Protein chains: 2
Amino acid sequence: MHIERMIRRFREAGLKITPQRVAIFEYLYTSSSHPTVDDIYAYIAGRFPSVSLTTVYNTLQTMVSLGEIEEIAISHERRNFDPDTKPHAHIMCVRCKRIEDIYTKNLSENCLPEDVRNRYRILGQRIYFYGLCSRCSAE
Amino acid sequence: MHIERMIRRFREAGLKITPQRVAIFEYLYTSSSHPTVDDIYAYIAGRFPSVSLTTVYNTLQTMVSLGEIEEIAISHERRNFDPDTKPHAHIMCVRCKRIEDIYTKNLSENCLPEDVRNRYRILGQRIYFYGLCSRCSAE
DNA sequence: TTTGTAATTTGTAATCATTTTAATATAGGA
DNA sequence: TCCTATATTAAAATGATTACAAATTACAAA
Ligand SMILES: [Mn+2]
Ligand SMILES: [Mn+2]
Ligand SMILES: [Zn+2]
Ligand SMILES: [Zn+2]
């Protein structure tokens, strides 16, 4: 499972397994997708009342540099984290702010002209759409 | 020209035309594409040594809400502004940080599955690619 | 041209998310 | 169990952005 994988990755990197870190793993892989720092902190603080925001920031940063989660910049006012690192796009409802995953194949082939793909060695992409979801449209 | 257009748009909105604002228009439409707040401020300060950063922020915000420029969130460490509001994608070299425009037709048709387009009323998109440009690859 | 006034600019202070620091606590190997 | 490097915590620092209030200015009407 994902949590065991993260524990192994941290071990391999010579990092220690702490209850705070495990709780962050658990939250990331079992709860609402694309949580914010505050979402994560709120959950962890429920289990470890003395946890520090710094720990949340540090752990997320470590996971990003291990390539195990990604930061989503779809919203200007929040930082969302995505535990799914398979290439995929996102769509956010501008009203209710819900974020949905979009899995399309050949994302970069579809969107990038030949000549750009020749001039760059492509390393990643972030594809965000904005719209009104059906629930929010209905009113 | 673009600058005259902006002056007209500001007038129509009941906003006054000040030298600082005109200088910001000029810089946005004649200089390097996708400038940052600091790029703009550095230029304006060259012409109006007493200009305040606040004025730059305010004017940019006004232009965004008039729909005349857009904010590009391709980089986590800078805010870039784009005076070109036609739908287009961007690619940034992860090394030299240069940002290039990519014009592709039918961006959302290519990237968005049918069912997503049915469930949302699409209002916008931000499509960013990351890679190594040829110049940076060569070394 | 002059004047009046509402809008704008400016400098400063406040805010807020994130990072840094240093002291304390702990994971985990010996 | 003990030792020590690493992690956690609380507090302070940072830095980008925003809010505020006083001084200035655009511009329309006289
Ligand atoms: Mn996702
Ligand atoms: Mn552009
Ligand atoms: Zn919605
Ligand atoms: Zn480059």
Side-chain angles (χ1 to χ4, degrees), chain A residues 3-4 6-27 34-66 68-69 71-81 97, chain B residues 3-4 6-27 35-66 69-81:
Chain A
I3 294 158
E4 281 72 40
M6 283 310 312
I7 291 177
R8 176 158 35 84
R9 295 283 281 117
F10 266 56
R11 282 237 164 81
E12 286 168 5
L15 301 166
K16 292 181 175 170
I17 308 305
T18 65
Q20 293 91 332
R21 284 175 170 174
V22 173
I24 291 173
F25 301 162
E26 286 172 7
Y27 185 72
H34 315 109
T36 64
V37 172
D38 287 335
D39 292 336
I40 298 164
Y41 177 69
Y43 170 77
I44 308 301
R47 297 184 45 187
F48 300 90
S50 73
V51 77
S52 153
L53 248 184
T54 307
T55 298
V56 176
Y57 276 108
N58 287 343
T59 303
L60 290 172
Q61 189 169 291
T62 302
M63 293 177 81
V64 168
S65 55
L66 287 175
E68 293 292 336
I69 63 174
E71 199 177 325
I72 305 293
I74 196 170
S75 161
H76 281 234
E77 58 251 14
R78 321 157 178 285
R79 286 168 79 177
N80 297 279
F81 291 86
K97 314 290 185 195
Chain B
I3 294 156
E4 282 72 40
M6 281 312 309
I7 291 176
R8 178 160 32 85
R9 293 283 280 117
F10 267 56
R11 282 238 164 81
E12 286 168 5
L15 300 166
K16 292 180 175 171
I17 308 304
T18 65
Q20 294 91 333
R21 285 176 170 173
V22 173
I24 291 173
F25 301 163
E26 285 172 7
Y27 185 72
T36 63
V37 171
D38 289 334
D39 293 335
I40 299 165
Y41 178 70
Y43 170 77
I44 308 301
R47 297 183 45 186
F48 300 91
S50 73
V51 77
S52 154
L53 248 185
T54 307
T55 298
V56 177
Y57 276 108
N58 287 342
T59 304
L60 289 172
Q61 189 169 293
T62 302
M63 294 177 79
V64 168
S65 54
L66 287 175
I69 63 174
E70 277 180 7
E71 201 178 324
I72 305 294
I74 195 169
S75 161
H76 281 214
E77 58 251 16
R78 321 158 178 285
R79 287 168 80 176
N80 298 278
F81 289 87

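All chains are named by letter (A, B, ...) in the order of the sequence lines, taking the proteins before the strands, and each is independently numbered beginning at 1. The structure displayed is predicted, hence computed values, not measured ones.
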Exercise. For the side chain of B:Lys16, counting heavy atoms from C-beta on, which of D:dA10, D:dC27, D:dT18 is nearest?
Worked result: D:dC27
For this session: Let me know the distance between CZ of B:Arg79 and P of D:dG15, rounded to the nearest Å.
Result: 18 Å
For this session: May I ask you to evaluate whether A:Thr18 reaches the phosphate of D:dT6, defined as a side-chain N or O under 4.0 Å from OP1 or OP2?
Result: no
Exercise. What are the bounds, 5' to 3', of the part of DNA chain C that sits under 4.0 Å from heavy atoms of chain B?
Worked result: C:dA6 to C:dT12
For this session: Evaluate the side-chain proximity of B:Pro35 to B:Asn80: yes if any heavy-atom separation is below 4.5 Å, no if none is.
Result: no
Exercise. For the pair made of CG in A:Asn58 and C1' in D:dT6, what is the distance, rounded to whole Å?
Worked result: 12 Å
Problem set entry | A:Glu4: partners by salt bridge (Lys or Arg N to Asp or Glu O under 4.0 Å), with sequence neighbours left out | none
Exercise. For B:Ile7 and D:dC27, what is the distance between atoms CD1 and C1' respectively, to the nearest whole Å?
Worked result: 15 Å
Problem set entry | Contact summary for A:Ala23 and A:Tyr43, nearest pair of heavy atoms | O-CE2, 3.8 Å
Problem set entry | Minimum-distance pair of heavy atoms, taken over all atoms of A:Arg79 and A:Tyr57 | NH1-CE2, 3.9 Å
Seminar exercise, completed: Between its two end axes (five pairs each) the helix from C:dT1-D:dA30 to C:dA30-D:dT1 turns, nearest 10 degrees, through 30°
Seminar exercise, completed: What residues 38-53 of chain A contributes to the DNA chain D interface at heavy-atom separation below 4.0 Å is A:Ser50, A:Val51, A:Ser52
For this session: Check whether any side-chain heavy atom of B:Asp39 lies under 4.5 Å from a side-chain heavy atom of B:Tyr27, and answer yes or no.
Result: yes
Exercise. Rounded to the Å, how far apart are A:Glu77 CD and D:dT18 P?
Worked result: 11 Å
Seminar exercise, completed: Regarding the side chain of A:Thr55, the nearest nucleotide among D:dT9, D:dA26, D:dC27 is D:dT9
Seminar exercise, completed: Rounded to whole Å, OH of B:Tyr57 lies from C1' of D:dA19 at a distance of 14 Å
Exercise. Is it true that the side chains of B:Thr55 and B:Asn58 contain a donor and an acceptor less than 3.5 Å apart?
Worked result: no
Problem set entry | Close side-chain approach of B:Gln61 to B:Val64, heavy-atom, < 4.5 Å | no
Problem set entry | ring pair (Phe, Tyr, Trp, His ring centres under 6.0 Å) against B:Phe10, all qualifying residues, sequence neighbours excluded | B:Phe25
Exercise. Does B:Leu15 or B:Val37 map to a spot on DNA chain D nearer the 5' end, using the closest nucleotide for each?
Worked result: B:Val37
Seminar exercise, completed: Residues B:Ser52 and B:Tyr41: closest non-hydrogen pair is C-CE1, 4.0 Å
For this session: Could you tell me the separation between the CZ atom of A:Phe10 and the C1' atom of D:dT8, rounded to a whole number of Å?
Result: 14 Å
For this session: Not counting sequence neighbours, which residues clear side-chain hydrogen bond (donor to acceptor under 3.5 Å, both in side chains) with B:Glu26? List them please.
Result: B:Arg47
Seminar exercise, completed: B:Leu60 CG to D:dT17 P, in whole Å, measures 10 Å
Exercise. Would a 4.5 Å heavy-atom cut-off, applied to side chains only, mark B:Leu15 and B:Arg11 as touching?
Worked result: no
